[in-house]
Amino acid sequence: MSPLNLAAHLGQDTFLAQVLHRQHLHVAGAIKTPASLISWDDLNNIIAAQRLEPPRLRLSVDGEMLPQYRYASPVSTRRHTVYNRLMPGELHARLREGASLVIDAIDEIHPAVGAAAAELEGWLRTGIQTNLYASWTAQEGFGTHWDDHDVVVVQIDGAKRWRLFGQTRVAPMYKDTEEPEDPPQDPVAELVLRPGDILYLPRGTWHAVSASEGEHSLHLTFGIQTMSGAQLLAWLADDLRSEELLRLDLPVHAPPADRRAYLEQVQTLVSAALDDPSVITRYVASRNETDLQRLRPSLPYIDGLPADGHLSVRLTTGRASISRQNGSVIFRATDNEWELAEGATPLLSYLIEAFPHPVALYELAGTSHLSVETVAAFLSELVDGQALTVVGRDR
């Protein structure tokens, strides 16, 4: 497991049955070494090595993003391209004045955070984006606000005060018909997160956050992609495109009786689809199979996977699936589908169970009772399809 193992810390099946989407949860001191996930040195190195432009890297005060010129200056390269270089002195000044530093999708930059996010994806069966937040003052970087997705917060260093005001609209969405009503004046809960603490918030929970304890704060927020009824219906509309009735033009110019008859046919078709108890399972499977996950090429292996037993590989997604069909095994992941011989089933199952940890080819050969050459041949297509990546060589 990763240094985080959020599923275990949050309570596994109890969390899914009693907490998820329902109520906030604070787990104090859950992670003993949060700096193994990301540290201040890691953050300094990321800022120094990456040319991160807003909104990927940004400073925020009271919900407003500061103009980039207040902490960075344009630099022209010898090829006459221009990028904005952070000025440490100005950056420090803005942070002292009360700005919060944010880096979006840090799970795509820092491997340890990426592994923790991938574990969470495999458990909850939905996409995860992880943002980093750093602040130094009691001034709130984002004011009192709500998010359109559930979040899991991990405090890495320092302390941060969270004031929770509850929900004024159940499950608000990114594209909603109306905004939630204003939150109450008084919080329903007030928490101080310290290193290793975890906080879960359902979407729509009004909250205000500040480093008001006289020390700096560094935390990660794992944003959980929603799977709502509106999204299910949108997917179902696409899924039913194979039906001739839904491919026909609408009877715009027909008399009312013909329009009514057409709508009754559509209603019958959609009702039949929703009567199928497997429709949610199929929707989730579709999301799992089409999610592209985090990009990671397998250089220098551009001509397939060599039959080297000491090469280690791992899946790029925790949401891959296998099924059997006509004597073959079907492997689906990263918006691709592969049909392999039935003998590939044990090694594919082993890769899924091992995720996100790498596995050497000789280990896969042993567990599947295949030769290293056969394992490499089976897995080469998965490398080109971004479902599998080479992560090193066991020496």
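These numbers were taken from a predicted model, which means no experiment stands behind them.
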Derivation of the ring pair (Phe, Tyr, Trp, His ring centres under 6.0 Å) call for His92 and Trp136
CA-CA 10 Å; His92 294 171; Trp136 284 258; 8.4 Å; no
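- In summary, of the residues considered (Leu20, Leu6, Val151, Val153), a side-chain contact (heavy atoms from CB on, under 4.5 Å) with Tyr200 occurs for Leu20 alone.
- Hydrophobic clustering (ILVMFWY, side-chain heavy atoms < 4.5 Å, transitive): Leu199 and Ile31 are in distinct clusters.
- For the pair Arg259 and Glu264, the salt-bridge criterion is not met [side-chain N within less than 4.0 Å of a carboxylate O].
- Contact check for Leu10 versus Val19: no side-chain heavy atoms found under the 4.5 Å cut-off.
- A salt bridge is absent between Glu53 and Arg56; no separation between the charged side-chain nitrogens and carboxylate oxygens falls under 4.0 Å.
- Between the Ser380 side chain and the Leu305 main chain, a donor and an acceptor come within less than 3.5 Å of each other.
- If you chain together hydrophobic residues whose side chains sit under 4.5 Å apart, Val102 and Ile156 never meet in one group.
- Proximity of a side-chain donor or acceptor of Gln155 to a complementary backbone N or O of Ala28 within less than 3.5 Å is not detected.
- No chain of hydrophobic side-chain contacts below 4.5 Å, direct or via other Ile, Leu, Val, Met, Phe, Trp or Tyr residues, connects Val192 to Leu218.
- Within the 3.5 Å criterion, the main-chain N or O of Val266 finds no donor-acceptor partner in the side chain of Glu243.
- A cation-pi arrangement is found for Arg51 relative to Tyr83, the charged atom lying closer than 6.0 Å to the ring centre and inside a 45° cone about the ring normal.
- When every heavy atom of Ala208 is checked against every heavy atom of Thr144, the shortest pair comes out as CB-OG1, 3.6 Å.
- When every heavy atom of Pro346 is checked against every heavy atom of Gly343, the shortest pair comes out as CD-O, 3.3 Å.
- The shortest distance between side-chain heavy atoms of Leu124 and Leu16 falls below 4.5 Å.
- Contact detail for Glu179 and Trp146: the closest heavy-atom pair is OE1-CZ2, 3.6 Å.
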In sequence, state the C-alpha distance, the side-chain angles, and the governing distance for Arg296 and Glu108, and then conclude on salt bridge (Lys or Arg N to Asp or Glu O under 4.0 Å).
CA-CA 9 Å; Arg296 192 184 191 280; Glu108 298 177 351; over 6 Å; no
In sequence, state the C-alpha distance, the side-chain angles, and the governing distance for Val313 and Leu364, and then conclude on side-chain contact (heavy atoms from CB on, under 4.5 Å).
CA-CA 10 Å; Val313 297; Leu364 287 170; 4.0 Å; yes
CA sep, side-chain torsions, deciding dist, call: His207, Leu201, side-chain contact (heavy atoms from CB on, under 4.5 Å)
CA-CA 9 Å; His207 55 280; Leu201 295 181; 4.0 Å; yes
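- Of the possible polar contacts, none joining the Ser217 side chain to the Ala134 backbone as a donor-acceptor pair under 3.5 Å is found.
- Side-chain atoms of His357 never come within 3.5 Å of backbone atoms of Phe355 as a donor-acceptor pair (strictly under, hydrogens ignored).
- Placement of Leu164 and Val154 in two distinct hydrophobic clusters is found when ILVMFWY residues are connected by side-chain heavy-atom separations under 4.5 Å, directly or transitively.
- Once rounded to the nearest 0.5 Å, the distance linking OG of Ser286 with CH2 of Trp235 reads 6.0 Å.
- Leu37 approaches Ala116 most closely through the heavy-atom pair CD1-CB, 3.9 Å.
- The closest side-chain heavy-atom distance from Thr389 to Arg314 is below 4.5 Å.
- A 4.5 Å side-chain heavy-atom check between Leu220 and Ile38 finds at least one atom pair inside the cut-off.
- Taking the charged nitrogens against the carboxylate oxygens, Arg94 and Glu90 do have a contact shorter than 4.0 Å, which makes a salt bridge.
- No side-chain heavy atom of Leu101 sits under 4.5 Å from any side-chain heavy atom of Arg58.
- Closest approach of Thr226 to Gln231, counting heavy atoms only: O-OE1, 3.0 Å.
- Residues Ile128 and Gln225 are not in side-chain contact: their nearest non-hydrogen atoms beyond the backbone lie 4.5 Å or more apart.
- Closest of all the heavy-atom pairs between Gln325 and Ile330 is CB-CG1, 4.0 Å.
- Under a 3.5 Å cut-off, the side chain of Asn45 and the backbone N or O of Asp41 do form a donor-acceptor pair.
- Ring orientation note: the planes of Phe15 and Trp123 are tilted relative to one another, at an angle of 30° to 60°.
- At a threshold of 4.0 Å, the pair Glu342-Arg324 counts as salt-bridged, since one of the basic side-chain nitrogens sits closer than that to a carboxylate oxygen.
- Here Leu382 contributes atom CG and Leu315 contributes atom CG; the two are 7.5 Å apart, rounded to the nearest 0.5 Å.
- Salt-bridge formation is not detected for the pair Glu339/Arg332: no Lys NZ or Arg NE/NH1/NH2 atom is positioned less than 4.0 Å from an Asp or Glu carboxylate oxygen.
- Judged by distance alone, the side chain of Asn44 and the main-chain N or O of Trp40 form a donor-acceptor pair under 3.5 Å.
- Taking the six-membered ring where tryptophan is involved, the planes of Tyr133 and Phe142 are perpendicular, since the angle between them exceeds 60° and thus also 30°.
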What's the verdict on side-chain contact (heavy atoms from CB on, under 4.5 Å) for Arg161 and Val209, showing C-alpha distance, side-chain angles and the deciding distance?
CA-CA 6 Å; Arg161 181 173 294 274; Val209 189; over 6 Å; no
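- For Arg169 and Glu178, the salt-bridge test passes: some basic side-chain N is under 4.0 Å from an acidic carboxylate O.
- Looking only at distances, no side-chain donor or acceptor of Arg85 sits under 3.5 Å from a matching main-chain atom of Pro74.
- Checked for salt-bridge contact, Arg194 and Asp197 miss the test: no charged N lies under 4.0 Å from a carboxylate O.
- Shown here is Asp238, whose CG atom has more than 12 heavy atoms of other residues, nucleotides or ligands within 6.0 Å.
- Counting only heavy atoms from C-beta outward, the side chains of His149 and Met173 never approach each other to under 4.5 Å.
- A donor-acceptor contact shorter than 3.5 Å is absent between the side chain of Gln129 and the backbone of Gly223.
- Asp239 places a side-chain heavy atom less than 4.5 Å from the side chain of Arg282.
- Put simply, the side chain of Ser298 never gets that close to the backbone of Tyr301: no donor and acceptor are under 3.5 Å apart.
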Stepwise side-chain contact (heavy atoms from CB on, under 4.5 Å) check, Leu236 with Tyr283
CA-CA 8 Å; Leu236 185 61; Tyr283 167 60; over 6 Å; no
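- Using a 4.0 Å cut-off between charged nitrogen and carboxylate oxygen, Glu213 and Lys160 do not count as a salt-bridge pair.
- Around atom CD of Glu64, no more than 12 heavy atoms belonging to other residues, nucleotides or ligands sit under 6.0 Å away.
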